[in-house]
Amino acid sequence: MSIDTSKVADSNATSAAKASKPSKAGAVATWADDRLGLAGAMKKNLRKVFPDHWSFMLGEIALWSFVVVLLTGVFLTFWYVPSMGEVEYQGSYDPLRGVHMSEAYASTLHLSFDVRGGLLLRQMHHWAAMIFIASMMIHLLRVWFTGAFRKPRELNWVIGCLLLFLGTLEGFTGYSLPDDLLSGTGIRAADGFLKATPVVGSYMSFFLFGGEFPGESIIPRLYTIHVLLIPGLLVALVAAHMLLLVYHKHTQWPGPGRTNDNVVGYPMLPVYAAKAGGFFFIVFGVVAIMGATMTINGVWKFGPYDPTKVTAGSQPDWYMGWPDGLLRVIPGWESVIGGYTISWNVMIPILITPPALLVLLIMLPFIDQWITKDKRDHHLLQRPRDAPTRTAIMVALMTFYGLAWAAGGNDIIAIKLHLSINQITYFMRGALFIGPVIAFIITRRWCISLQRHDREKLLHGYETGVIMRSPDGGYSERHLPISESEAYRLTARDREKVFTADGRIDENGVAAPGGRLDGVRAKLSTLMYADNIQKPTRAELEEAHHHAEHEKALTAALTGHAADGHQFDGKRPVDDEALRGD
Amino acid sequence: MTDLEKHGDDQHGDDHGTPDDAQGRLPAMTGGYLPVEEPIANPGLPEHTWRPTDVDEGAAKRAERQVSLMFLLSGVCTVLFVVAYFTLDIGDNWTTFGGLGASTLFLGLTLGGALLLIGVGIIQWARKLMADHEIVEMRHPARSSDEDRETTAAVLQTGLEESGLGKHSMIRRTLLLSTGLLAAPAVILLRDLGPSPASVANAEEGTGLKHTFWGTGDRIRVVRDVVGTPIRPADLQIGDLVNGVPDGLLELEGIELQVAKAKAAVIMVKMEPREITPGPGREDWSVDGVICYSKICSHVGCPISLYERTTHHVLCPCHQSTFDLADSAKVVFGPAGRPLPQLHLGVDDEGYLVAEGDFTEPVGPSFWDREK
């Protein structure tokens, strides 16, 4: 790869580097390579190409915030004591001095008030964890909306979903550790969830808590899960996620010179490494400033856990909000069958719906592939509008998530907006089902309209905002053709074909095996593709341009006259132009 | 082997009926399902344009100075961090500076500044001074070549044959059996995580899911939580709510106290006796309008606490289950499936409120065999 670097970085030396005496660094490199043989593997990868787009940064935020969580978490473990043994607090925080509490809570207070930087690190840890989960979610949306999950990247989608699930669990086990009144209430609810499990529920509760709730084992056990088990899995899965990313090479947006067979961007060394490495410091720095200026989980205000106390407005961390919302809006369904209690009011919102949605999320790429029957490798991204049904599916899921999340704050909404909590809850019971359907329809139509707009732009050019008056008094808007690269970008997508089930019935009228499934597939394929606007063919494009030429001829009399306005559409230099009448 | 072949064939053979005008395969797709009518040919990578820092030495120098300045300022922030660490007190004055605490605030701001300035500096360096040539790399299919697949399959086959795993079915089965059995120790070792619910159940000690502290003695007084003073019905006004615990519970310590409290906590309210609709068989469970229920929500176990005296409704702040205390604590709203368990109240010789026995049903969240 030869590159014209004649003008690059004048701050660098202008003459080529000469082979000099072996430096110390060179000697170290030789020593290492003699034993590890890394040069062979590194020569290819050091200049590996990464395409650039702002949306590719979302996953990077997740990665770097995870690193910050690990670093700050290690510090916290030096002072935090995962014990439920009762002690009398004698630290710096006046309001709780002399109060009996668990060692876990006392050490959290010690960390916050008697360790310099302790509160900062606690708050950084919490903020970074929230950023970790939030950025994973947004990264997931980006991957779905742009079709980056398609073959060969389905497995990385699965790993990503598992990371999101484990990250959420990690968050729950983490915010439970201070053993304050709020987190204890969360554990109390978790005990209720376990007990609602059919047949083995009370055993699960007794085993997890080491006896009757709250017992004295839950905090040390959550601690092991929080600092060893889940982080180990997270690190392993993050590593696998990154390895697959490197192996597949990153997806890219289509554009001039960017095809499904190449990857265009900056080399890892130096540009991408510098940008990504610099970005780590930025994420870390932002987290530090958040930890300094935004108090989060001020556990000293809640007091130690007491199973008979609770504060109004008790809520889990935001990422647990949506199952909590489902738990709030479910009617009080509980049945006793054959003398055994089945708590639908806990099972449906907690034990059934969230796992089912996780499985659905994991399966989405495979369902998509089954409908489209598309087994090609895809490395070019799609704009959300170019896959209207797919985009609409995720927006429907997001709507469900958002409504369930809002339901988890129904008490806050009721207080802040002076509404009836009962009415909010009744509304949510309906909205959770109707909202996603409405969102699906609107999103799908919206995308198709945007596709139609793209087609218009291709065929007739962009709207200049210039209104022309014809000799006989009619008004029309002048369109001008878009640039070639813009036009190419708009057409760089697949033409879609609706799957039809016919042709699968043999001459005796016997449907081929799987014939019924094919029917389902055909219906889904119709839903997926039939209404989409396809890009114009070459003939259509030429026809439209011919038409434009004709129109241009009609208005030719105007060209060369003083400016008619389109010069000021922001698409060309206007230095020498003047508006008519100036 | 054959599986691999089949899989490889799928790549091409299953394309039937799919759109196939993938970019980069344009010329080859003449016999495809849809004619390739790419309206616009790929114009190719746009020409590289030089940045001001590439062509103007002054701009490059300026960028160099900017980057170095940021690194220097980062160093200044780090020094300030050390100064803040050793000079600012922590402890109880956590509210200085907008409720944030001087030490926390300045440590965080200086640390954040030090990190941000390094990050911004590096990115400025990368954007302004490092080569900004985009380079092109060709992609390769994620799959291995057919040749590699065949070789690997053959090697696997050889390994399989040389081990004799296919031939010695007895070895295979017994190995599967023995390794499968190893799951048992892994699971069984978890057994002692906790006792079984049945093994801790003891009515006299108030332990287990179905017993509480109220059953550990005869006619235990209801005392106020925290202070532990007994209550006479006349001590309460209409509309009062008292958080109560059984007398003697507060003498427990640590975990024992928490476990006992988590089941035995009650709320006691006083209302006009005529407003009470007693449940069947519970006509004498209240005393002079004083009525007592478990404080632990029957949904997932939060302590309920928000009482509205005019309606006699009590609301759980966790999930908003609402119970009507005048009507056997029936659920009037929310996700709870059952009324709160009611405690049978009576009065002892000295006129203090007592429980006439334990709850008649398990308190707190439902579980599989709570009716048994």
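In what follows, every chain begins at residue 1, and chains take the letters A, B, ... in the order their sequences are listed.
- Neither the backbone nor the side chain of Ser199(B) comes within contact range of chain A, judged by heavy atoms closer than 4.5 Å.
- Heavy-atom distances place no part of Glu256(B) under 4.5 Å from chain A, backbone and side chain included.
- Not counting sequence neighbours, Arg127(B) has no partner by the salt bridge (charged side-chain N to carboxylate O under 4.0 Å, His left out) test.
- Donor-acceptor pairing under 3.5 Å is recorded for the side chains of Ser366(B) and Glu334(A).
- Both the backbone and the side chain of His299(B) come within contact range of chain A, each with at least one heavy atom under 4.5 Å from a heavy atom of that chain.
- Proximity to chain A is absent for every atom of Asn243(B), based on heavy atoms less than 4.5 angstrom apart.
- Neither the backbone nor the side chain of Val331(B) has a heavy atom closer than 4.5 Å to any heavy atom of chain A.
- For chain A, no part of Ala63(B) is nearby; none of its heavy atoms comes within less than 4.5 Å.
- With Leu193(B) as the fixed residue, the side-chain contact (heavy atoms from CB on, under 4.5 Å) test singles out one of Phe207(A), Tyr203(A), Phe209(A): Phe207(A).
- Of the listed residues (Lys372(B), Arg338(B), Lys295(B)), the greatest number of heavy-atom pairs within a distance under 4.5 Å of chain A belongs to Lys372(B).
- Looking at Ile296(B), only its side chain comes within 4.5 Å of chain A, counting heavy atoms on both sides.
- The existence of a salt bridge linking Arg258(A) and Glu134(B) is confirmed by a sub-4.0 Å separation between a basic side-chain nitrogen and an acidic carboxylate oxygen.
- For Tyr85(B), the parts lying near chain A are the backbone and the side chain together; criterion is any non-hydrogen pair under 4.5 Å.
- Per-residue heavy-atom pair counts under 4.5 Å with chain A were compared for Pro317(B), Gly112(B), Pro303(B), Cys302(B), and the maximum is reached by Pro303(B).
- Nearest heavy atom pair, residue Lys275(A) against residue Ile123(B), reads O-CD1, 3.7 Å.
- With sequence neighbours left out, the ring-ring contact (aromatic ring centres under 6.0 Å, His included) criterion links Phe281(A) to no other residue.
- Between Lys263(B) and Glu212(A) there is a side-chain heavy-atom pair separated by less than 4.5 Å.
- In this structure, chain A has heavy atoms under 4.5 Å from both the backbone and the side chain of Ala142(B).
- The two residues Asp261(A) and Met138(B) come nearest to each other via the heavy atoms O-CE, 3.3 Å.
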- Task: Check step by step if side chain to side chain contact (heavy atoms under 4.5 Å, CB included) holds for Asp377(A) and Arg143(B).
- Result: CA-CA 10 Å; Asp377(A) 281 4; Arg143(B) 70 189 294 269; over 6 Å; no
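- By the 4.5 Å heavy-atom criterion applied to side chains, Lys309(A) and Ser305(B) are not counted as neighbours.
- In this structure, the side chain of Asn262(A) does not engage the main chain of Val136(B) through any donor-acceptor pair within 3.5 Å.
- The side-chain heavy atoms of Phe367(B) and Thr341(A), taken from C-beta on, include no pair separated by under 4.5 Å.
- Only the side chain of Gln320(B) comes within less than 4.5 Å of a heavy atom in chain A; its backbone stays farther off.
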